[in-house]
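The structure displayed is predicted, hence computed values, not measured ones. Each chain gets a letter, A, B and so on, in the order its sequence line appears, and its residues count up from 1.
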Amino acid sequence: MNEKAKVPEWMLQPSARFPPPEIAARRKIWPRIRSRGYLDKNINDLAVIVREEIFAEAIAKRKGLLQSINPGVKVISIFLLVGVASFLHSIVILLAMNFWILGLAYFSAIDLRSFLKRIWIVVPLFTGLVVLPSIFNFVRPGDPIIILMSFDRQLNLGPWVLPSNLAITHQGVMGALTVILRVSTCVSLAFLLTLTTHWHYILKAVEILRIPQIFITVLEMTYHYIYIFTQSASEIFLARKSRTLGTSNTREQQRFISRTIGALLSKAVNLGEEVHTAMISRGYTGQPRVLVSFRIMALDWLWALFMILSGLIFLWGDRIIV
Amino acid sequence: MSEKIIYQLQNLGYSYPSGEEALINISLNVHQGERLILMGANGSGKSTLLKLMNGLIFPSQGMLYAFGENINEKNLNREDFAYAFRRKVGFVFQNSDAQLFNPTVVEEIAFGPVQMGLTAVEVKQRVEEIITLLGLEHLRNRPPFKLSGGEKKKVALASVLSINPDVLLLDEPTDGLDPRTQRWLINLIQQLNEAKKTIIMSTHNLEIIEKVADRVAIIGEDHQLVALDSRERIMNKKSLLIRVNLIDDGFTEQHIHADTHRHQHLHD
């Protein structure tokens, strides 16, 4: 700071009157409650959810069926069932498996409503979009259920010949449903594992599967990075809130996000590097070490047996029904 | 104070990848059991020096020896070397948020000992002892990011002390602490020093210098070592302290004389 520089005149004046006179006059009128803005809803809630749900590992701390299974056994058995799910063709069996997973979630003290929401909002949105074209006969020929459009003749597009009707086909819909259900089964299983297991235990358990060290380190750093990222995001958000005068509309808030996203990234990268050095300083060598003895108990054997049997039953059912 | 030298810095220099110099030509020795305070204005390079001494970054010029060993990238890439060095030297970061990354306080404190490969029983015992020592019982299962600034600092200290390092590097440890927690920290540092720990600490806090320092090293705004002397001699050189921007002309220093009386006066 320039020692000789004087404080400007305006800075010596008291700032705005508080409460402002017009508000003081209107005090008796019920204040208008503004709805929370775009930013408030998005950034801050995201940060809170990430911290409370992922990092506090609230569900993993509860007492439940999956929480009491050895992480190593749990990881292997769930990977096994993911394998089984990707072999299934029958929609009935896939549905049955989804219900079976819901049962496991219920006995693991997971709130079923939020569990279902997590899966059935994300999966149809992403997988649904991917498989959407395949329900039409242009992409996958088959028996039409609904004809959407009729052309008077076949269309020739270079080497492709398009049929004279645009229709949704039976085969296409069944195929799409199978893919969506298969994905939802796998995602449910993955959620089941990550919700009921501490992250560090998962990493340690993944080591059993002989996944190379570098991937584990990257995963571990990603985990810490996401945490720092949301922390920085909510700090930037709060700092902005404290300097926001008056109201700002959604468009302005969206502009704010696009402008600050770069600053946020570099902030988070810096802090991420600092966390990494703090880890190294305390002896981290890239090898996940956790304070837990992965001793296999009778319950774990029972669980492994149960999972193998369930997998076999699903595979057998799939054979009979298809 | 034992005469055994544990840190030897010879013409040490550090430049950022951009070429900007953070430290220039620093030479000093640190003795075992000593309490050395690094002083310097903001941006003079104190934190960089501490990171160099912890082997987190490596000098661009000169040599850095700890316990007679060369602290360079090649040596620290050796697992056995890094293992021994990390056990010897603990670093409390200025930013507690950088240091706290585990889901609970207990796991935070256990992180170091677990990395060191201690058995579960040893780790648990250590964690419990540190929790009792620092009075963290009520925070045991709380996530560190939800703690207050002072609590975070305590947990960060606990997470380093659980490794039981011989040398403690503290980067502005009293930064943002309330007076009671500051006093608590000063007492703890004194106790640790009585237990033969070497303390190397950066600070602006004149009270902590008064109570803790054996020697003071001053790094100037030109990133060079300006002075290295006993606490008494440094604190009496007002012109030096003004020159390196640690006090200014309007400064009246509050001395606390052996807890018998307090008064304010100016040094010349």
Legend entry - Nearest-0.5 Å distance, CD of residue Q115(B) to CE of residue M279(A): 7.0 Å

Inset, instruction - State the OG-CG distance between S281(A) and L50(B), to the nearest 0.5 angstrom. - result: 10.5 Å

Inset, instruction - Please examine the side chains of V275(A) and Q99(B), heavy atoms only from C-beta on, and report whether any two atoms are closer than 4.5 Å. - result: no

Inset, instruction - Using a cut-off of under 4.5 Å on heavy-atom pairs, state which of S162(B), A156(B), A98(B) scores highest against chain A. - result: A98(B)

Legend entry - Engaged part of T104(B) at the chain A interface, taking heavy atoms whose separation is under 4.5 Å: side chain

Legend entry - Heavy-atom pairs under 4.5 Å with chain A, option from V160(B), N141(B), D97(B) with the top count: D97(B)

Inset, instruction - Would you indicate whether the side-chain heavy atoms of E274(A) and Q94(B) approach each other to under 4.5 Å? - result: no

Legend entry - From H276(A) atom NE2 to L56(B) atom CG, the distance as rounded to the nearest 0.5 Å: 9.5 Å

Legend entry - Residue part contacting chain A, namely of F93(B), when any heavy atom lies under 4.5 Å: side chain

Inset, instruction - Look at atom CD of E79(B) and say whether more than 12 heavy atoms of other residues, nucleotides or ligands are closer to it than 6.0 Å. - result: no

Legend entry - Separation of E108(B) CD from R282(A) CZ (nearest 0.5 Å): 4.5 Å

Legend entry - Donor-acceptor contact below 3.5 Å, side chain R86(B) vs main chain I280(A): yes

